[in-house]
K.L.:
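Mind having a look at this structure? Questions to follow.
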2 protein chains.
Amino acid sequence: MIRRFRGESLHKVDAKGRVSVPAAFRRVLEEGDPEFTGGSYPNFVVVYGGVRGNCLEGYTISSITKVDKLISKLARFSRDREILERFINTQSTYMQLDENGRIVLSYRLKEKIGIRDEAIFAGMGEKFQIWEPKNYQNEVDALDSAFKNLSEDENPFLKLDQLQDL
Amino acid sequence: MIRRFRGESLHKVDAKGRVSVPAAFRRVLEEGDPEFTGGSYPNFVVVYGGVRGNCLEGYTISSITKVDKLISKLARFSRDREILERFINTQSTYMQLDENGRIVLSYRLKEKIGIRDEAIFAGMGEKFQIWEPKNYQNEVDALDSAFKNLSEDENPFLKLDQLQDL
DNA sequence: TAAAATTCCATGATATCCCATAAAATGGCA
DNA sequence: TGCCATTTTATGGGATATCATGGAATTTTA
């Protein structure tokens, strides 16, 4: 089975910025790090810039490697490549779980997404997101109402099955 | 794992031009120098000419070697090759980290990119850039607005997914 | 030999490691 | 199926190592 990031949970962020990564997510990070062995702790990548400036996004090594390889196919000095590198490499950082399954959010990262002493982790399949709780609730509400306002043929659930037919 | 240059950080440049290279970048430089051993300090290459005259670009030995090989494929006396060699070979220099993980930016280099007493290091995957902070902010803003003004089918993120299909 | 560059040492700040504990989840097993 | 033993999690505190930076001493070089 290829595990995916699923579920949401709330965690304390202590004075040093340490926060536990949900245990279920750790399993996915371990599977997604080719160099992970029982004795070590998995590496992964956190992207903090990009389209959504209000949350952090965590990627396994193998899924970010896929993205990196695609970017490397673009012409070395092209504007497109520059934009993507800026969003995906410049505005990201490697992280490693510590022995207790935690990571450290630097002051800069906390500030970026408005986190003080609590964080919400949300599974998004191939990636997960880290949100400040209030912002997260707003995001959920916004998505909810956006969905309700869609017409029948805009319904993404229905589009899913159309994709399958191709 | 093949580490890539990720993240951005601000560092002081002292009167002698010394500046710390971000610790995370040092690891990449070490991995990218075939001759690096535990006891030594990694060599790498800084390009100061190139497409953008307003920042320096740092390459690991192995990634600059890739670029060199690409250039070598061009016809020996072609204008293209001459131009590229001028930018990548002539306008570049070898550097080595000192024991504290610093490099020295000569007066000439600092002047070239307008640096006084602070520098921003930005990870760009296979290379990293060194910027004067204000110029860097301008560049980021310019990229941001360039990105925002793109039409749907010009979006480099979406182009990535199309690449995936190839 | 004076200026410039390089090496060596010092230090405060930050990040990392290591241990401790309580709560929760898991797993027998009668 | 109810209870206890064991493991896993979530969280905190203190010790230690690394990092960023400055200054002095030494070497190079022009």
Side-chain angles (χ1 to χ4, degrees), chain A residues 3 5-31 36 38-44 46 48 56 58 93-112 115-123 128 130 133, chain B residues 3 5-30 38-44 46 58 93-111 115-123 128 130-131 133:
Chain A
R3 257 169 218 286
F5 294 106
R6 287 184 192 282
E8 50 191 345
S9 55
L10 177 72
H11 295 266
K12 301 257 181 242
V13 178
D14 73 15
K16 299 181 190 174
R18 295 180 302 186
V19 57
S20 291
V21 172
F25 288 12
R26 295 179 206 161
R27 302 293 94 78
V28 188
L29 292 174
E30 289 167 1
E31 284 179 18
F36 171 77
S40 66
Y41 307 110
N43 285 97
F44 61 103
V46 168
Y48 52 87
L56 309 179
T93 176
Y94 286 106
M95 288 204 176
Q96 184 175 33
L97 292 185
D98 70 13
E99 73 172 313
N100 302 305
R102 286 183 289 194
I103 53 170
V104 179
L105 301 179
S106 67
Y107 177 78
R108 229 169 78 71
L109 285 186
K110 286 194 292 181
E111 195 207 3
K112 198 116 190 161
I115 278 185
R116 277 179 54 84
D117 57 1
E118 286 187 321
I120 283 189
F121 286 71
F128 67 89
I130 306 177
Chain B
R3 249 168 222 286
F5 294 105
R6 287 188 189 281
E8 51 193 339
S9 55
L10 177 72
H11 294 265
K12 301 260 181 239
V13 178
D14 72 16
K16 302 180 192 172
R18 295 180 302 183
V19 57
S20 291
V21 172
F25 288 10
R26 295 178 206 162
R27 303 291 97 77
V28 187
L29 292 174
E30 289 167 1
S40 65
Y41 308 111
N43 284 98
F44 62 103
V46 169
T93 174
Y94 285 105
M95 286 203 178
Q96 184 175 32
L97 292 185
D98 72 11
E99 75 171 309
N100 301 306
R102 287 185 287 197
I103 53 172
V104 178
L105 300 179
S106 66
Y107 177 78
R108 225 167 78 73
L109 284 186
K110 286 195 293 180
E111 196 207 2
I115 278 186
R116 278 179 52 85
D117 57 1
E118 287 186 320
I120 284 190
F121 286 71
F128 66 89
I130 306 178
W131 288 85

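Computed over heavy atoms, backbone and side chain alike; hydrogens, waters and symmetry mates excluded. Order of the sequence lines sets the chain letters (A, B, ...), proteins ahead of strands, with each chain counted from 1.
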K.L.:
Taking CD from E99(B) and C1' from dA10(C), how many angstroms apart are they, rounded to a whole number?
P.N.:
12 Å
K.L.:
Are E111(A) and R108(A) close enough for a salt bridge, meaning some N to O gap below 4.0 Å?
P.N.:
no
K.L.:
For R6(A), I'd like to know if atom CZ has over 12 heavy atoms of other residues, nucleotides or ligands within 6.0 Å.
P.N.:
no
K.L.:
Any chance you could measure L97(B), atom CG, to E99(B), atom CD, to the nearest 0.5 Å?
P.N.:
11.5 Å
K.L.:
Take atom CZ of R108(A) and atom C1' of dA15(C), then tell me their distance rounded to the nearest Å.
P.N.:
16 Å
K.L.:
Could you state the interatomic distance from OG (S106(A)) to NZ (K112(A)), rounded to the nearest 0.5 Å?
P.N.:
10.0 Å
K.L.:
Write down the distance between CD1 (I103(A)) and C1' (dC17(C)), rounded to a whole number of angstrom.
P.N.:
17 Å
K.L.:
If I take atom CG in residue L97(A) and atom C1' in nucleotide dC17(C), what distance separates them, rounded to the nearest angstrom?
P.N.:
15 Å
K.L.:
Mind running side-chain contact (heavy atoms from CB on, under 4.5 Å) on V28(B) and F128(B) for me, showing each step along the way?
P.N.:
CA-CA 10 Å; V28(B) 187; F128(B) 66 89; over 6 Å; no
K.L.:
So, using side chain to side chain donor-acceptor pair (under 3.5 Å) as the criterion, who are the partners of R102(A) when residues are at least two apart?
P.N.:
none
K.L.:
side-chain contact (heavy atoms from CB on, under 4.5 Å), that's the test. Do I130(B) and L109(B) meet it? Break it down for me.
P.N.:
CA-CA 11 Å; I130(B) 306 178; L109(B) 284 186; over 6 Å; no
K.L.:
Can you build the contact string for nucleotides 17-30 of chain D? Use B for base contact, S for sugar-phosphate-only contact, and - for no protein heavy atom under 4.0 Å.
P.N.:
--SSBBBB------
K.L.:
Measure the angle between the two terminal helix axes of the helix from dT1(C)-dA30(D) to dA30(C)-dT1(D), five base pairs each, and quote it to 10°.
P.N.:
40°
K.L.:
Separation of E30(A) atom CD from dT8(D) atom P, in whole Å?
P.N.:
12 Å
K.L.:
Can you tell me the distance, in whole Å, between the OH atom of Y107(B) and the P atom of dA5(C)?
P.N.:
12 Å
K.L.:
What's the CG-P distance between D98(A) and dT16(D), to the nearest Å?
P.N.:
19 Å
K.L.:
Of all the heavy-atom pairs spanning Y48(A) and G7(B), show the shortest one and how long it is.
P.N.:
OH-CA, 4.1 Å
K.L.:
Please determine whether side-chain contact (heavy atoms from CB on, under 4.5 Å) holds for the pair M95(A) and L56(A), giving the CA-CA distance in whole Å, both sets of side-chain angles, and the decisive distance to 0.1 Å.
P.N.:
CA-CA 12 Å; M95(A) 288 204 176; L56(A) 309 179; 6.0 Å; no
K.L.:
Could you state the CD1-P distance from I120(A) to dA10(D), rounded to the nearest angstrom?
P.N.:
15 Å
